Amino acid sequence: MPVAVIIPTLNAAPLLPATLAALDGFGRVVVADGGSADSTRDLARAAGALVVKAPRGRGPQLVAGAAATDAPWLLFLHADTRLGVGWRDAVERFIAKPESTDRAAYFRLRFASEHPSARRIERLAAWRARRLGLPYGDQGLLIARSLYEALGGYRPLPLMEDVDFVRRIGRNRLVELPAEAVTAATRYERDGWWARPARNLACLSLYFAGVPPRLIKRMYG
């Protein structure tokens with residue numbers, strides 16, 4: 001496949017193997033590591049991924065990962081996100097359409113949790129992505145390199161790098177793929193199924209109000 005999968009990591013050893021297993025045999029995987037102190041890099045190399053060093057921070061790591069490959073298509077994915085059933089077919093159908101070179105695609109969010117509140121947040125995420133054109137990074141992002149570069153790519157922000165980029169893509173050029181991105185619910189289980197979304201919304205509001213991402217990151221946790 002003419003696709004490189006870019007995964008930013010930082011001490012991601014517990015969850016990275018499942019993410020990589022779902023990608024087995026599909027394109028080139030580039031792990032942009034921000035200085036892990038665990039076995040993240042060893043696990044990535046053992047799975048056949050290219051590991052590149054990057055400044056810590058999801059934005060800088062995504063930038064470094066994209067720069068490490070010349071693949072015509074880029075799929076950005078979080079280290080704690082495992083793509084679900086049917087994702088390969090969905091990706092192949094999307095990139096086969098000529099008009100897709102001027103679009104970007106994301107997956108439906110699904111939490112790896114059976115908690116009832118997880119379904120509520122998934123519905124809110126679907127509404128946010130479709131109506132507001134704001135899919136977050138945990139939903140993945142598939143984009144042609146030509147469009148990625150024309151838009152200036154990700155910026156090396158410590159937070160909100162996903163929001164910044166999809167706003168430049170624009171709601172009318174974003175497409176939901178018929179497959180799930182199954183994401184760890186660690187932060188929600190730790191902080192609370194109501195408190196965590198409230199914190200995320202507060203961070204987003206501050207960003208739209210012009211507060212620098214480096215300051216918002218302190219609240220995000």
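Heavy atoms only: backbone and side chains are in, while hydrogens, waters and symmetry mates are out. Not measured: the values here are computed from a predicted model.
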Any sub-3.5 Å donor-acceptor pair from T183's side-chain atoms to T81's backbone N or O? no
Under the side-chain contact (heavy atoms from CB on, under 4.5 Å) rule, what do R196 and I121 come out as? Steps first, then yes or no, please. CA-CA 10 Å; R196 186 74 226 185; I121 297 173; over 6 Å; no
Is there a donor-acceptor pair under 3.5 Å between the side chain of Q139 and the backbone N or O of F107? yes
Would a 4.5 Å heavy-atom cut-off, applied to side chains only, mark S113 and W193 as touching? yes
May I ask you to decide if T9's main-chain N or O and Q61's side chain share a donor-acceptor pair within less than 3.5 Å? yes
Could you measure the distance from the CG atom of L15 to the CZ atom of R82? Nearest 0.5 Å is fine. 10.5 Å
Using a 4.5 Å cut-off on heavy atoms from C-beta on, say whether the side chain of L141 contacts that of Y154. yes
Flag side-chain contact, heavy atom, 4.5 Å: D162 against D138: no
Less than 4.5 Å apart, side chain to side chain, heavy atoms only: is that true for E189 and H115? no
Would you say that I216 contacts C203 through its side chain, given a criterion of any heavy-atom pair below 4.5 Å between the two side chains? yes
Judged by atom type as modelled, is there a donor-acceptor pair below 3.5 Å linking the side chain of S100 to the main-chain atoms of I95? no
For the residue pair V175 and L142, establish whether any side-chain heavy-atom pair is separated by less than 4.5 Å. no
Is there a side-chain contact between I7 and L20 in this structure, where contact means two heavy atoms from C-beta onward sitting under 4.5 Å apart? yes
Measure across L43 and P17 and return the closest heavy-atom pair with its distance rounded to 0.1 Å. CD1-CG, 4.0 Å
Near R45 CZ, under 6.0 Å, is it more than 12 heavy atoms from other residues, nucleotides or ligands? yes
Kindly confirm or rule out a cation-pi arrangement of R128 over Y136, judged by NZ or CZ under 6.0 Å from the six-membered ring centre and within 45° of its axis? yes
Ring pair (Phe, Tyr, Trp, His ring centres under 6.0 Å) evaluation trace for F165 with F76: CA-CA 12 Å; F165 190 38; F76 297 95; 7.2 Å; no
Spatial distance of atom OG (S36) from atom CZ (R56) [nearest 0.5 Å]: 8.0 Å
Look at the side chain of R145 and the backbone N and O of T69, then say whether any donor-acceptor pair between them is shorter than 3.5 Å. yes
Would you call R88-E92 a salt bridge at under 4.0 Å N-O? no
Can you tell me which residue among L83, I6, I143 is in a side chain to side chain contact (heavy atoms under 4.5 Å, CB included) with L75? L83
Within-4.5 Å side-chain heavy-atom neighbours: D80 and T186: no
